[in-house]
Amino acid sequence: MSFTIIDRRKSFDTKGQANRSKFLKRINNTLKKHIKEAIANAKVSDIVNNANRSVKIPIRDTEEPAFHVDQSEGAKQFVVTGNDQFDRGDRIPKPPSGGGQGGSGSGASQDGEGESEFSFVLSKEEFMDLFFDDLQLPNLTRKELAKVEEETFKRSGFTPVGAPSRLDMLQSMRQSAGRRFALRGPKRKKLKALQQELADLKAKLLFEADTDEATIMAKRIDEIEKEIIVLKRKLRAIPFIDDTDLRFRNYTKNKQPIFNAAMVCVMDVSGSMDEHKQDLAKRFFMLLYLFLYKSYDSIEIRFVRYHSTASEVDEEEFFYARDTGGTVTSTALDLAADIIREYPRDKWNVYVAHITDGDNWGEDNAVCKEILDARILPNVQRYFYVETVTYDEWPSDLIPLFTEYEGSGIVDIGKVKSITDIYPTFRGFFEGA
Amino acid sequence: MEHKQIAGAEWTLDNVSYVYDQIETIATEELKLDVYHNQIEVITSEQMIDAYSSIGMPVMYKHWSYGKQYVRDLHNYQTGKMGLAYEIVINSNPCIAYLMEDNTMMMQSLVIAHACFGHNAFFKNNYLFRRWTDADNHIDFLMYAKNFVQECEDKYGEEEVMLTLDACHALQNMAVDRYKRPEALTAEELEQRRVRREKEVQTQVNELWSTIPGRTADGAVKGSDERVKFPSEPQENILRFIAENSPFAQDWQRELMMINCKIAQYFYPQKQTQVSNEGFATFTHYTIMRRLYEKGIIGQDFWLEFLESHTGVINQPTYGQFNPYALGFNIYKEIKRVSVEPTEEDREWFAGQDWVGRGDWVDQINNAMRNYRDESFIRQFLTPKLIRDFGMFSLLDEEGSDELLVTEIQDKEGYENIREILADRYTLANLEPNIQVVDVDLYDTRTLTLRHFINSKGQTLDQGSARSTLNYVKYLWGFQVMLEEVNVFNNGMGEGVHRVMGSD
């Protein structure tokens, strides 16, 4: 009796994935809640780096109940192995959480027994889909934000004419083979027939003496031989490759919209920004980053910290450096404007996210206004101004300046006082497109 | 006869083919194994995890619980907490076994011996499997089930179908007719039967629930002054009962329930033969590999690699739960030993049994494999020597006590009791609660009453899960469901109804 062997490695099984999506659908609400909590409590760097996407959910949401007895009830006897010291009547303290239970039954295994949480990992896309799900950001903002188009070349078949560098050997050889078959075919057939006839005649001639028949046959043999020579010559003359065989790769131009984005993060780290406000700032930046990352193919982020002077820093320093000082906002705007110059508007969607507590040095507002009007606002898609508020009634220094731009469609103003304000503010920026 | 020796870690189709032939020779000629045709499928490790997620079946309908399993397995595998089983084998004809592409040549040989011959022979010959599973048609049936579920999802919505399946899964331990043999039907025949049944059941249900005098399905007379008892006897296959008698369940829901009954039936033997099945397959692979080594078909490097893997598989942790591979393998080894070279103690223990010392161990092994289930397997073949080798001892865990009492140890007084206690742990009746349908109120509230017959240990049902499950039953039944827990044993709890629970 032989056996059958089947190689299934190439076939695409989707059983696991299909079951997995059903599972994710079922726990959708729990997942969303959990992710929001995870984001709220997580370290900023973790989320920005998307390092930790492991999700823990309480087991009761994925419960598969069945009728089973309460194992803690009743007197149970069971057998274990490895006795090297005990005798009848000995008493052994129970190991914690019933660890020493022996005699495993082969009965129905109860799902989730002894576990209170169920942990697994989401892919990046799933994670962000869930997180941004009810904010409905991607669709809304895609409409608003300007599209930049790019021309790319796309392959589209073959043409008989083209540059030598685009010659496709395989296609050309195919054509050549086809042509040769077509041209050779009938001739070959004829050749074969003639050769057969020739052989027959020659064989017959052997047995014929000098009769009339023989003469006719001999003449015919002559003819045939001449024809064969001609045919063979013709066959040889069929070129292996001809100009008409050549094929060249064809390209067509394709316009593709590209979404390229650059974000300039400007954070006020002056003395007036305390721990809490800094935390708020970081969370907001994190959200923005994630959102833009999701909508755009490539996103560049530049970080600017400022107090009385401004400096461009890397991500690490942006979130964790500790230097501080007074507040001169124009230095930041100046630096930001310089950075923006590196991203020409025809290719880049530029954003500025500016978070501050609103304090500014005396007459600096006028300078700020100048820079904004001349160098920043004309070159950006959006300028997000977010103020960390301490006292609602007390207007900050910068607020009057930015309020002037309200309604322009370029500047968005938001105020946050606590973590719970961050989402609504963020949502506020992107609603009502 | 000179045999070619295979060597090297990489496997090739040629080598696999050659080794298969050699293994088959030993298995059929020396071990007298009778097997289904083998279908070997080479898969990647991702596909192996995939296979887990549909409870090992090559075809299965989709359900979120399998997704949960998949996600958990994938996570554990990727974080190194779990290795992949090196084999999955399906009880079907042909017998399907998966070989992972990453296995070494030695592992592939092992899998072939273990799965293609060990498990295969067990599936084909063990009496429980012969009675309960339909190896020829099961895969076909699963195809039918999968398509049917898909159709239902398209027609009636994923949500509805999911709820119905959830409820069926909750009742899967109460979905078996313990006295009937499954039918062998092709996919078309199944479809025809479904259509026929739809009509029949609908008639039956209409009659049952009509208030016109007549008879119920099991012959009781309705409409008389006396309240008719339906069902006339307690029914243990709760899922089937609901499928056939629920007043307003949709046809497609009834069919889903019947599908689940059939699947439950298919898996019914597996729960009760884990020790014997794994033990037999392990014993088979061990014997075969050893013969391959003796014949020079595998060399010392292979043999060493094999031993390393084998010892891992049959390792029994001290004080720990029983490893079915360890227990089963060793019992089979004992059968061979007792058959060939029994000691005085063995003769006394197996007094009156002819096979002791008769030497026909191959037949005895086959007999043990065919005619026993785990509890009877242990009761029949566990030896004192094995009890001593394992250092088995029994503990008593009383409710409310924070100590375990040692009740028996591995000495002459203890052997029989230890055997009893161990066998008890593999007795299905002790592990699953005995719950049956005892009453349906045909006239008034249409309440379905279930009764839990409390076991001799006095264990009642775990309330939380029972309540959730009751609500699932209610969903399928359509009306209120009551669950009474009744004590009939003399276990200190007092006779009669102990507790009553209702669905929400």
Side-chain angles (χ1 to χ4, degrees), chain A residues 1 3-9 13-27 62-84 86-94 100-108 110-111 118-121, chain B residues 20 38-44 47 49-50 53-54 62 64-68 70-71 75 101 170 173 271 274 316 318-319 321-322 374 390-399 402-406 409-410 418 421-422 425-426 428 431-433 435 457-462 465-466 468-469:
Chain A
M1 184 180 63
F3 64 104
T4 320
I5 188 158
I6 302 180
D7 188 340
R8 291 239 184 261
R9 287 172 290 178
D13 284 331
T14 55
K15 290 198 286 281
Q17 288 301 325
N19 280 324
R20 184 178 191 275
S21 359
K22 276 188 140 61
F23 176 59
L24 289 184
K25 247 191 229 176
R26 183 179 173 93
I27 58 172
T62 59
E63 196 191 36
E64 294 172 76
F67 287 127
H68 55 88
V69 294
D70 186 346
Q71 285 293 349
S72 67
E73 290 182 9
K76 297 169 291 283
Q77 272 208 88
F78 50 94
V79 175
V80 280
T81 58
N83 185 13
D84 51 357
F86 302 110
D87 205 349
R88 256 181 217 81
D90 285 352
R91 287 183 181 271
I92 310 171
K94 264 193 208 179
Q101 296 273 344
S104 105
S106 56
Q110 284 124 25
D111 213 49
F118 181 76
S119 148
F120 66 104
V121 177
Chain B
Y20 182 93
N38 277 307
Q39 180 171 307
I40 297 180
E41 306 198 357
V42 181
I43 60 174
T44 63
Q47 288 172 317
I49 299 213
D50 236 26
S53 77
S54 45
K62 307 278 177 291
W64 64 264
S65 62
Y66 306 139
K68 166 176 155 194
Y70 173 73
V71 151
H75 180 64
E101 65 175 348
N173 291 336
K271 296 190 272 199
Q274 215 195 359
Q316 172 58 38
T318 319
Y319 300 160
Q321 289 202 342
F322 265 102
D374 282 352
F390 270 124
M392 292 190 202
F393 64 113
S394 66
L395 296 168
L396 177 64
D397 178 4
E398 276 173 317
E399 199 176 345
D402 54 358
E403 278 179 330
L404 297 170
L405 173 66
V406 177
I409 61 170
Q410 69 272 39
I418 286 184
I421 299 169
L422 187 59
R425 287 298 272 193
Y426 291 96
L428 203 59
L431 296 163
E432 288 178 0
I435 303 179
K457 288 187 228 163
Q459 291 172 317
T460 55
L461 294 177
D462 171 78
S465 55
S468 308
T469 312

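Sequence lines set the chain letters: A, B, ... in the order given, protein chains first and strands last, and positions in each chain run from 1.
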Here the pair of heavy atoms bringing B:Ser465 nearest to A:Pro65 is O-CB, 3.9 Å
CG/B:Leu405 to CZ/A:Arg88 distance, rounded to the nearest 0.5 angstrom? 11.0 Å
Looking at CZ of B:Phe390 and CG of A:Asn83, how far apart are the two atoms once the value is rounded to the nearest 0.5 Å? 14.0 Å
When you measure from the side chain of A:Gln77 to the backbone N and O of B:Ser394, does any donor-acceptor pair fall under 3.5 Å? no
To the nearest 0.5 angstrom, please state how far the CG atom of B:Leu431 sits from the NE2 atom of A:His68. 13.0 Å
Going from CD1 on B:Ile43 to CD1 on A:Ile6, what distance comes out if it is rounded to the nearest 0.5 angstrom? 12.0 Å
With a 4.5 Å heavy-atom cut-off, do A:Lys94 and B:Asp397 have their side chains touching? yes
N/O donor-acceptor pair under 3.5 Å between A:Thr4 side chain and B:Gln39 backbone: no
Could you check if a side-chain atom of A:Phe78 sits within less than 4.5 angstrom of a side-chain atom of B:Leu395, using non-hydrogen atoms only? yes
I'd like to check A:Lys76 versus B:Glu398 (side-chain heavy atoms, cut-off strictly below 4.5 Å). Are they in contact? no
Indicate the atoms forming the closest heavy-atom contact of A:Gly82 with B:Thr318, along with that distance. CA-CG2, 3.6 Å
Taken to the nearest 0.5 Å, the spacing of B:Ile40 CD1 from A:Asp7 CG works out to 12.0 Å
Grab the two heavy atoms, one from A:Val80 and one from B:Tyr319, that are nearest each other, plus how far apart they are. CG1-O, 3.9 Å
For A:Ala75 and B:Leu396, the nearest pair of non-hydrogen atoms, with its separation, is CB-CD1, 4.2 Å
Can you check whether A:Ile92 reaches B:Val406 side chain to side chain, under 4.5 Å on heavy atoms? yes
Identify the two heavy atoms, one from B:Ala466 and one from A:Phe67, that lie closest to each other, and give their separation to 0.1 Å. O-CE2, 3.7 Å
Taking it one step at a time, do B:Phe393 and A:Val79 satisfy side chain to side chain contact (heavy atoms under 4.5 Å, CB included)? CA-CA 6 Å; B:Phe393 64 113; A:Val79 175; over 6 Å; no
Using a 4.5 angstrom heavy-atom cutoff, name the option from A:Thr81, A:Asp90, A:Asp70, A:Asp87 with the most pairs to chain B. A:Thr81
Closer than 3.5 angstrom, by distance alone: can the side chain of B:Gln47 be matched with the main-chain N or O of A:Arg8 as a donor-acceptor pair? yes
